[in-house]
*Asks:* 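Below is a structure I'd like to ask you about.
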Amino acid sequence: MAVAEPQQAILSALRKEVQGDTISLAVAQGIANQLNCSLRSVETMALELGFTPQRHIRNGLSCNEQLSLMESTVAIIGCGGLGGRCAELLARLGVGHLIITDPDSFSESNLNRQIFCSTQNLQCNKVDVLARELPLIHPALQISPHCKCFDKNSVENSAVVVDALDSGEARKRLSTLCSSKAIPLVHAAVNSWYGKVGIDKQRTGPLIEDHYSQNKELKKAPTVLPMTVALVAALQVAEVCKLILNCGSSLDQGWLQTDLLDNEYIPIHLKD
Amino acid sequence: MQVQVKLFAFFREGRFIKEDRELPEGTTAGTIVDELGIDREEVGVLMINSRHCKFETVLQEGDIYAIFPVIGGG
């Protein structure tokens, strides 16, 4: 990226080369190459001028909404089943910066549900695989990979944090960290056919503290079906998107319990 | 007294989704968990009438009592 980005030159190039209200990746990349600036700068300015990158047009969001997503940082803590799916969906949605944190590498037992796990990348670090694959979906995406357990750097400057961990103790530590930095935390968890999604701090009380209060760790790794992971990650990303776009959420007083075996989608409303 | 017991997620397997139960006065939330053969270690959240409760909480006539397992996978 050039040290000083030629804002005026990008503006002129966009006005000259873009017709209609969308911009193709080829045109945006061409401008970036020509002006020696980042694709992200070109697409951000395009959105400011009312041109939507073509890969985002089917989102059906306004330029301002798409710009809000592009200018947002989302931290994903845990890049397994839920975290990998969330990363993929957030990249497709058009979030501009993802901080991804996970100390683990892919193993054979991940193949049933972790979207970026394949027989080609077993033993590879999860965050390295995501950092390689996600720009193929969203080339303007900035990725900050951390191949380690999360710490304060894993959530730095993020608008929203995604809890995709698999330990109650770690979830509680993440909740405390996000709370201290006043960053909203979208919690989700899965087991077999079942899942839940919620926003951690709400007016009815702390969600994660209530759900994992007994300091009990699971005796063995839970079984998780791939359909459950896909559904629950989608719900989790919907909540992230609504937080960024200030759409409000009905989950601010409880959580959503999902049950694919009984085909139930149950909002649990807590009373004050 | 009558209490409605609602189960969620894998606690339903081999049991029920919801059931009205006739219980003696003084029955606690934990007693129902034990009677259902649920390991207390597997319980995540207990709620009576949409408010959190504990194993020691005494149920009252007409209560709706919900038992959720720990769901922890990511």
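Just so we're on the same page: letters track the sequence lines, and every chain starts at 1.
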*Asks:* Which bit of A:Asp262 is near chain B, if near means a heavy-atom gap under 4.5 Å: side chain, backbone, both or neither?
*Replies:*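 The side chain, not the backbone.
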*Asks:* Do A:His97 and A:Thr73 meet the criterion of a side-chain donor-acceptor pair at a distance under 3.5 Å?
*Replies:*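 On atom types as modelled, these side chains qualify, holding a pair under 3.5 Å.
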*Asks:* Go through the atoms of B:Phe10 and report whether side chain, backbone, both or neither lie under 4.5 Å from a heavy atom of chain A.
*Replies:*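 Its backbone and side chain both get close to chain A.
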*Asks:* Need one label for A:Arg171: side chain, backbone, both or neither, based on atoms under 4.5 Å from any heavy atom in chain B.
*Replies:*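 Contact with chain B is through the side chain of A:Arg171 alone.
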*Asks:* How long is the gap from OG on A:Ser250 to NE2 on A:His269, to the nearest 0.5 Å?
*Replies:*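 Spacing of OG (A:Ser250) from NE2 (A:His269) equals 6.0 Å.
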*Asks:* Taking only Lys NZ, Arg NE, NH1 and NH2, and the carboxylate oxygens of Asp or Glu, determine whether A:Arg173 and A:Glu169 approach each other closer than 4.0 Å.
*Replies:*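 Salt bridge flag = no for A:Glu169 with A:Arg173.
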*Asks:* Any chance you could lay out the side-chain hydrogen bond (donor to acceptor under 3.5 Å, both in side chains) test for A:Asn153 and A:His146, step after step, and finish with the verdict?
*Replies:* CA-CA 9 Å; A:Asn153 295 325; A:His146 298 284; over 6 Å; no
*Asks:* Salt bridge check, B:Glu56 against B:Lys54: does any charged N sit closer than 4.0 Å to a carboxylate O?
*Replies:*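 A salt bridge is absent here (no side-chain N lies under 4.0 Å from a carboxylate O).
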*Asks:* So which of B:Ile17, B:Val45, B:Asn49 has the biggest tally of heavy-atom pairs under 4.5 Å with chain A?
*Replies:*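 Ranked by heavy-atom pairs under 4.5 Å with chain A, first place is B:Val45.
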*Asks:* What part of A:Glu264 is in contact with chain B, defined as an atom under 4.5 angstrom from a non-hydrogen atom: side chain, backbone, both or neither?
*Replies:*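 Answer is side chain: those atoms of A:Glu264 sit under 4.5 Å from chain B.
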